[in-house]
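Labels below follow one simple rule: chain letters A, B, ... track the order of the sequence lines, proteins then strands, and each chain is numbered from 1.
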2 protein chains.
Amino acid sequence: MRQKLNRLKKPSEAWIYDQVFSAILDQRLMPDTKLTEKDLCDVFGVSRTIIRKVLLRLSIDRVVELRPNRGAVIAAPGPEEVREIFEARRLLEDGIVAEAAEKYGPEDAQALKEIALRERECAYSGKPGDAIRLSGDFHLRLADIAGNRPLRELLRQLVAQTSLAISLYAPGGVSMCDDDDHDRLIAAIADGNRGLSRQIMHEHLSECERSLLLQTEQGCNDLHTVFADVMAAE
Amino acid sequence: MRQKLNRLKKPSEAWIYDQVFSAILDQRLMPDTKLTEKDLCDVFGVSRTIIRKVLLRLSIDRVVELRPNRGAVIAAPGPEEVREIFEARRLLEDGIVAEAAEKYGPEDAQALKEIALRERECAYSGKPGDAIRLSGDFHLRLADIAGNRPLRELLRQLVAQTSLAISLYAPGGVSMCDDDDHDRLIAAIADGNRGLSRQIMHEHLSECERSLLLQTEQGCNDLHTVFADVMAAE
DNA sequence: GTGAATATAATTGTATACAATTATAAATTA
DNA sequence: TAATTTATAATTGTATACAATTATATTCAC
C-alpha cells in the first residue's frame, strides 16, 4: 500500500532484498522456488544488473542457493544444517550476551523492551513473518550493545539463516520464540549478571531449536533419503 | 610462471579474487590503495562485470572497502577493529577446537602436520604472504574437522580479515604465529583433550594479537586522532 | 598568486545486447 | 507408444553502451 508511490522512483537494491526476504519469512515464497531473473526484473522494474546483486547478497546469507548456469532458488536447509546453525548461534551468542550484560546502559533497556513488545504483538495478531524478523532484530540489538562489529555481522548472517529455518520448520507458522525468554533476558542483562544471561540465552536457543520439527524429514526431496529405512528393512 | 598459459583462457572470478588477496598479503597492495575497475579489467583481461563481482566478494570479506560512487580501496582496519576481530576469533575458535578434539580422526593429523610444516618453510624462506595464508588454512582445517559448516564459513571471513590485519600490523612482515603453538595444538587435539585444546587456542590467538603493533597509531589517517593528544595538552 | 567557478575528463552505476548454456518441445525411430 | 534425437525456446553469463556522479584541470576575478 505504501509502495504505490514508489512505482515511479526506482526501488533500491536494499529494498528489493528486504522484499524478497520478507516474502520468504511470510511463506509467500516456498523453498526450492525458482527465482527467475527476468521475472524479478519485471516485478520490481529494474534491470538484471540490480537483481543479480540482490541474488548474490541473498546467496551469501544462504537464504537462496545460486546454482551455476541454472539460476537461483529459495534455499532449503536440511534438519542437520539447521542444527548446525543453532549450535553456531549458541557459541556466538553465549559470548555476545555476556559482553552485553557488562556494557549495557539504561537507554538500551528501553530499545530492547520496545522490540520485545512489538514482537509479541505481531505474534498474537497473525503476523508470524514480522514476529520472526523482530525476534532477529532483538538478538542483533544485543550484539550492538556488546559492541563487537565483526561479530555482529557474523550474527546477522546466522539470524537470516535461522529466520528461514523457522519459517520452514516452525509448526503452523506460529511464532516460536517464547517471548518470556526475551523478557527474562532483559532482566538478567539489566542486572549485569553475566552468568545468568548466558544461561538464559543458551537455554533459549536450545528451546527454539527443540520447538522446530527437525525430526521429521520434511523438506527433504531426495528420494534415496526418503526411502532409506524402507529399503534397509528389505 | 604457471600462469603464462592462462593468457589465452579467461581467468575465473575465483582466481582473480585469489590474486588480489595474495597481492594484499604480500603487501604489493597497501591499504587505501584505490582499485580502479578499468585498471583491473586491463590487467586480467575481463570485463567490468567480473571485476565488480570480485570487488563485491572482497568487500563482504572486509578486505576492500566499497565506497558508493567513489570506487574500491584496500581496507585499513584500525587497531580497535583488529582487536574486535581477534576477540571474535577467540569466541568462535575456542568452541571449534573443542569440537575438533572430539571428532578428530588419525587422517586429520596428517593433513594438519602437513600444513604446519609448509607454513614453517614459508616463514623461514622469506614468503610471509604464503605463511599467513597457510596459517589461515590451518585454522580452517580445524573448523572442517569440527564439522559445523555454517561456523566454518563465518571463520573463513574472520580469517581473511585477520590475514589483512597481520600484513598491516606485523612487524617487518615476519610470520607472526609461533609455529610451536600449532604443533602443540595438534598434540592436544590428537589426545582428545578438549580443555587443553581450548586453552592453547585461546592463548595462541591472544599471543598473535599481542605480537601486532596495535599500540602505535600507524595506519590511522584521521588527523583528529593523530593530533588528539597534542590538542588536549593545549 | 590565490581562490572560486566552470568546463573537461575519468570513473562508477545501470541498462542492454550478445554469447553460452540449459530447459522444453517436436520429430524420428524402433 | 516409449525412448532417443534434434530443433527451438528460455535463461543465465559476459561484454559493452550509455547515464550519473565524482575527480581533475582550466578559466576568470580579485
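- Rounding to whole angstrom units, CD of residue A:E37 and P of D:dT14 are separated by 11 Å.
- As a whole-Å value, the separation of B:R70 CZ from C:dT12 C1' is 12 Å.
- Checking the phosphate oxygens (OP1, OP2) of D:dT14, a side-chain nitrogen or oxygen of B:K53 falls inside 4.0 Å.
- When rounded to the nearest whole Å, the span between CD1 of A:I16 and C1' of C:dA15 equals 14 Å.
- Of the listed nucleotides (C:dT21, C:dA15, C:dT12), C:dT21 has the atom at the smallest distance from the side chain of A:N69.
- Nucleotide D:dT16 holds its P atom 13 Å from the CD1 atom of B:I51, rounded to whole Å.
- Checked by atom type, the side-chain pair A:S163/A:R133 shows no donor-acceptor distance below 3.5 Å.
- Applying the 4.0 Å criterion to OP1 and OP2 of C:dT14, one finds that A:T49 has every side-chain N and O outside that range.
- Across all their heavy atoms, B:K103 and B:A146 have their closest contact at NZ-O, 3.2 Å.
- A side-chain N or O of A:Q157 and one of B:Q157 form a donor-acceptor pair less than 3.5 Å apart.
- The environment of B:R90 atom CZ is dense: over 12 non-hydrogen atoms of other residues, nucleotides or ligands sit within 6.0 angstrom.
- Using a 4.0 Å cut-off, some side-chain N or O of A:K10 falls inside it from OP1 or OP2 of C:dA15.
- One interatomic measurement links the two molecules: CG of A:D39 to C1' of D:dA10, which rounds to 11 Å at whole-angstrom precision.
- As rounded to whole Å, 9 Å separates atom P of C:dT12 from atom CZ of B:R67.
- No side-chain N or O of B:H182 forms a donor-acceptor pair with one of B:R120 less than 3.5 Å apart.
- A:I50 places its CD1 atom 14 Å from the P atom of D:dA20, with the value rounded to the nearest Å.
- What separates CZ of B:R48 from P of D:dT16 is a distance of 12 Å, to the nearest Å.
- Take the nearest nucleotide of DNA chain C for A:P68 and for B:K38: the residue whose nucleotide is more 5' is B:K38.
- DNA chain C is contacted by both B:T36 and A:V46; B:T36 maps to the nucleotide lying nearer its 5′ end (nearest heavy atom per residue).
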